[in-house]
Amino acid sequence: MLPASDLLSAFLAQSDFYPGLPQQRRLYEAAKTAIHQHQLGAGNKLPSSRDLARDLCVARNTVVAAFEQLAAEGYVTSTLGSGTYVADLADLKPLDDKAAAYVPLNASALAPLSRRGAHITAFAAGPRFEIQPFAPGDADFSSFPFKLWQRLQNRVWREVRPDLLDYGQSGGYLPLRQAIAEYLRISRSVKVAVENIVITSGTQQSLDLCAQLLADVGDTAWVEDPCYWGARRVFEACDLTLHPITVDADGMALEAADLATDPRLIYVTPSHQYPTGAVMSLVRRRELLDVAVRKNAWILEDDYDSEFRYTGRPLASLQGLDTDDRVVYMGTFSKVLYPGIKVGYMVVPPALADSFKIALYDLQRPGQLMVQAALADFISQGHFVTHIRKIRQIYGSRRELLRKTLVSQFGAQLSQRVTISSEESGLHLVVELPDYVDDVALEKLAAESGIAVKALSTYYLAPPVRRGLLVGYAYVTPDKIVYYGKLLAAVIQSGVH
Ligand SMILES: Cc1ncc(COP(=O)(O)O)c(C=O)c1O
């Protein structure tokens, strides 16, 4: 058996043994692990704190504190004058899985999961690439009015309102719900009463609440194909059965086979289909509302980026056409302000409002009322609309610059095979590629040039898939759009020829 000081020293020498923790804690863990692994047996005498401190090159107090902790937990016994001994503990087992809690997470260290948990983590979205050019979906947070926001937040804190430090039970801060109601009525033609607004921590939470409150395990959810991965993850996590529905230029296109199924939920992005950008036609909107009534299903309208329409007025919502209270309308401040604000909202049919508020409180403990108060002021004082106007102008010109850069590089032959999405909205455009092109391979090739585009085919649930690349432009500065746009065009060229 190794002498105790050598043994403990060997543990401490491993850089991945409880990294980043104080020496005293590492020493305690080393001794505990050695005792559990029977490397330090019952009755073994530990070196004196002075000797051990010298051998391990640590302060004596460090050793004393570690020994005291071990004694308090019964691993060692200390008697003044006679030393410290390993206690006689029956049936000690190695600590492997407990120790894993302190070791950096990696796949093998993950605790055994439920079937659902394993499914969720197996399909994790992967890392975000927000600082790389052309990653789809991200906005330009550098144009956020930091100073103004700071002033509004400071004012709320100066008011000293202890009530705003609570969870909040009524579906969110009332003045924020009033400000949102006013905005939605004017800008999005949403039919809204303040009581029917529920503030959430974003669309992801809104979807989760809808899935939990409106559907049971095994129920069917119709989703657009291709589909927003965030919605898909939530529905899968709630054990719903996903039924993909083809999307064409007019949005979700129901066919007879779809109508033979009975959905409980219907998830759509009608103003700007994610990711293709299609706008759902009026005929399709009315058809969908009819179907929802016939099937007794709920439509979940995700209106995630409708503020970004660069020509003409923003499109009216689907909810505004609903005369039967079948639509739950969802919005978010993730794109217009910044994702970390974690504020979104739902407008739910009147019959659901109280249930949603109760569930939000019981399941999620909402809170964040101080942020909600600052946001209420931000909207009601007109800064929100001003900010939207400003970034809309910036993004619109970046979109145009990206399109022009790509077109000028493509040349006549490539332009015939490749289509750049033409709708004037959103934070990304889609470069549609011929079916024979491997868009996933192009995504990888682009990544080698520092470009984080996403392959369109990866958003599909079922074949046939369309090939293309999602190219985000909102946060890419004009000089970078030109530079990386040329590189991207070369990547596309290499894949299409
Ligand atoms: C289609 C769609 N809906 C919603 C969101 C935003 O969700 P959240 O409010 O959870 O940030 C995104 C973000 O990328 C999105 O693409």
Side-chain angles (χ1 to χ4, degrees), residues 124-130 134-141 144 172 176 180 184 188 197-212 221-235 237-238 242 244 247 251-252 265-280 299-309 315 317-319 328-347 360 364 366 368 371-372 375 395 421 423 425-430 452-454 456 458-461 470-475:
R128 294 181 66 195
F129 320 94
E130 59 263 46
F134 300 149
D138 281 333
D140 185 355
F141 310 129
F144 182 72
L176 176 60
I180 290 172
L184 291 178
R188 308 290 309 116
I197 295 189
V198 178
I199 309 285
T200 64
S201 66
T203 301
Q204 206 63 2
Q205 191 184 54
S206 302
L207 288 165
D208 190 44
L209 278 171
C210 287
Q212 298 206 49
W222 283 357
V223 295
E224 300 164 320
D225 201 20
C227 181
Y228 170 47
W229 57 267
R232 186 174 164 183
R233 292 289 167 269
V234 168
F235 298 152
C238 291
L242 297 191
V247 169
M252 186 183 251
L265 303 179
I266 305 173
Y267 169 77
V268 277
T269 47
S271 297
H272 187 232
Q273 201 274 328
Y274 190 89
T276 65
V279 175
M280 189 183 267
I299 296 176
L300 312 184
E301 176 177 15
D302 179 358
D303 204 20
Y304 64 107
D305 74 351
S306 54
E307 289 84 5
F308 304 121
R309 189 166 160 75
L315 298 170
S317 65
L318 172 66
Q319 192 262 15
V328 175
Y329 174 90
M330 299 172 186
T332 177
F333 291 98
S334 281
K335 308 282 179 188
V336 195
L337 299 182
Y338 60 100
I341 194 169
K342 298 290 302 166
V343 182
Y345 49 89
M346 281 184 280
V347 181
L360 178 69
Q364 317 278 357
Q368 292 287 20
V371 173
Q372 293 185 21
L375 182 53
Y395 299 168
S421 55
E423 89 286 344
S425 57
L427 302 176
H428 70 264
L429 50 75
V430 181
V453 289
K454 287 294 277 178
L456 177 61
T458 61
Y459 291 80
Y460 280 83
L461 282 86
L470 272 64
V471 190
Y473 48 78
Y475 68 102

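Throughout, numbering of the chain's residues begins at 1 and tracks the sequence. Because the structure is predicted, anything quoted here is derived from the model rather than measured. First listed ligand is number 1; within each ligand, the first listed atom is number 1.
A donor-acceptor contact shorter than 3.5 Å links the side chain of Y395 to the backbone of D140. Judged purely by atom type and a 3.5 angstrom limit, Q319 has no side-chain atom pairing as donor or acceptor with the backbone of Y329.
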One pair to check against side-chain contact (heavy atoms from CB on, under 4.5 Å): F235 and L207. What are the steps and the verdict? CA-CA 8 Å; F235 298 152; L207 288 165; 4.1 Å; yes
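The closest side-chain donor-acceptor pair between Q368 and S201, if any, does not fall under 3.5 angstrom. Under 3.5 Å, the side chains of D208 and Q204 contain no donor-acceptor pair of N or O atoms.
The contact shell of ligand 1, taken as protein residues with any non-hydrogen atom closer than 4.0 angstrom, comprises G202, T203, Q204, Y228, Y267, Y274, D302, Y304, T332, S334, K335.
Distance check, rounded to the nearest 0.5 Å: NE2 of H272 to OG of S421 gives 7.0 Å.
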